[in-house]
Engineer: 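Can you keep this structure in mind? I'll have questions shortly.
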Amino acid sequence: MELENDTQISEFLLLGFSEEPELQPFLFGLFLFMYLVTILGNLLIILAVSYDTHLHTPMYFFLANLSFVDICFTSTTVPKMLVNIQTQRKVIIYESCIMQMYFFLLFAGLDNFLLSVMAYDRFVAICHPLHYMVTMNPQLCGLLVLVSWIMSALHSLLQTLMVLRLSFHTEVEIPHFFCELNQMIQLACSDTFLNNMVLYFAAMLLAGIPMAGVLYSYCKIVSSIRRISSAQGKHKAFSTCASHLSVVSLFYCTSLGVYLSSAATQSSHSSAVASVMYTVVTPMLNPFIYSLRNKDIKEALSVFFRGKT
């Protein structure tokens with residue numbers, strides 16, 4: 001009987017933000033602009049790191065990986081939303097919804113892990129500068145990125161398999177602009193106790209541990225910076241991690257704010273609007289934060305474009 005229920009659902013309806021016809025052109029233009037800026041900005045970061053040999057260091061290696069993940073992260077949700085707005089069709093088939101949820105969880109998890117890895121990189125660079133090149137060797141950097149991919153893929157696969165066991169009614173409306181895991185669980189017509197337990201446990205484990213690692217790293221970094229005697233030395237040490245700290249704050253504050261506010265208001269529409277902050281706005285702002293505050297990135301891009309012209 002459960003298998004029969006699972007096969008009955010063939011598509012979902014993504015309600016998005018608004019059904020008012022006069023708002024659709026504005027929403028389409030706004031999200032298309034943000035998506036193109038995100039793609040262009042992150043591609044420029046990857047291009048700069050790849051082109052300039054001076055940027056072939058652990059910090060920029062992780063930054064290039066973060067930019068690639070941000071491109072993929074945004075691409076899992078925004079293109080489908082743009083198609084739905086343009087065609088005035090809100091339908092997404094069941095298989096596509098499951099795939100979208102899988103890749104969204106994969107790249108969201110990678111963002112989380114890579115930010116914690118970058119915090120560890122800054123911790124070693126500032127607190128143990130003499131051992132930095134030995135500790136952050138290419139093998140360790142590659143291993144850290146590989147472990148991040150494996151952990152994110154396993155978590156995403158687990159959550160997807162847990163959703164596949166759920167039954168849904170034949171017509172399901174998702175009050176969101178993408179197939180968000182929590183919304184999928186809430187809309188199921190079968191028992192979701194186990195899904196909720198796995199969801200909360202994984203959130204505490206896979207989000208809590210990296211966040212704790214980031215906080216620990218920056219506590220040690222601040223302590224080390226305070227011990228530096230000269231003001232110039234303090235400024236130089238802080239400038240090496242200021243961009244990353246800004247990105248970390250933006251990512252965690254927006255993602256935590258979304259889920260805390262949605263839990264408080266119980267409004268799916270408010271949750272969808274707030275989700276734009278960490279699914280679209282944060283990946284768009286990351287390249288600006290790193291390029292505007294980073295002299296090396298600006299110089300690499302300047303040399304590249306001068307060479308091309």
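Numbers here are sequence positions counted from 1.
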Engineer: Can you measure from CG (Leu36) to CZ (Phe31) and round to the nearest 0.5 angstrom?
Structural biologist: 13.5 Å
Engineer: Under a 4.5 Å cut-off applied to non-hydrogen side-chain atoms, are Pro79 and Tyr35 in contact?
Structural biologist: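 A side-chain contact under 4.5 Å exists here.
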Engineer: For Phe104 and Phe178, take the angle between the two ring planes, folded into 0 to 90°, and tell me which bin it lands in: parallel under 30, tilted 30 to 60, perpendicular over 60.
Structural biologist: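 Answer is tilted, since the angle falls between 30° and 60°.
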Engineer: Identify the two heavy atoms, one from Leu187 and one from Glu173, that lie closest to each other, and give their separation to 0.1 Å.
Structural biologist: CD1-O, 3.4 Å
Engineer: After noting the C-alpha distance and the side-chain angles of Phe12 and Phe168, does the key distance pass the ring pair (Phe, Tyr, Trp, His ring centres under 6.0 Å) rule?
Structural biologist: CA-CA 10 Å; Phe12 296 102; Phe168 297 90; 5.4 Å; yes
Engineer: Measuring from Gln100:CD to Glu95:CD, what's the distance to the nearest 0.5 Å?
Structural biologist: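 Answer rounded to 0.5 Å: 13.5 Å.
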Engineer: Suppose we screen for ring-ring contact (aromatic ring centres under 6.0 Å, His included). Which residues come up paired with Tyr60, at least two apart in sequence or across chains?
Structural biologist: none
Engineer: Under 3.5 Å, side chain of Asn195 to main-chain N/O of Ile185, donor-acceptor pair present?
Structural biologist: no
Engineer: Strictly by side-chain hydrogen bond (donor to acceptor under 3.5 Å, both in side chains), give each pair with a member in residues 142-153 just once, sequence neighbours left out.
Structural biologist: none
Engineer: Would you say that Glu180 contacts Met101 through its side chain, given a criterion of any heavy-atom pair below 4.5 Å between the two side chains?
Structural biologist: no
Engineer: Which heavy-atom pair separates Lys80 from Val91 by the least distance, and what is that distance?
Structural biologist: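 Minimum heavy-atom contact is NZ-O, 3.1 Å.
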Engineer: List the atom pairs, donor and acceptor, that lie under 3.5 Å between side-chain atoms in residues 203-215 and the rest of the protein, sequence neighbours left out.
Structural biologist:
none

Engineer: How long is the gap from CG on Leu110 to CG on Asn65, to the nearest 0.5 Å?
Structural biologist: 9.0 Å
Engineer: Disulfide bond (SG atoms under 2.5 Å apart): which pairs involve residues 124-166, sequence neighbours left out?
Structural biologist: none
Engineer: Can you give each donor-acceptor pair under 3.5 Å made by side-chain atoms of residues 39-49, sequence neighbours left out, with the distance rounded to 0.1 Å?
Structural biologist:
{"from": "Asn42", "atom 1": "OD1", "to": "Ser67", "atom 2": "OG", "distance (Å)": "3.4"}
{"from": "Asn42", "atom 1": "ND2", "to": "Thr38", "atom 2": "O", "distance (Å)": "2.8"}
{"from": "Asn42", "atom 1": "ND2", "to": "Pro283", "atom 2": "O", "distance (Å)": "3.2"}

Engineer: Using the side-chain hydrogen bond (donor to acceptor under 3.5 Å, both in side chains) rule, collect all pairs that involve residues 202-222, keeping only residues at least two apart or in two chains.
Structural biologist: Tyr218-His244
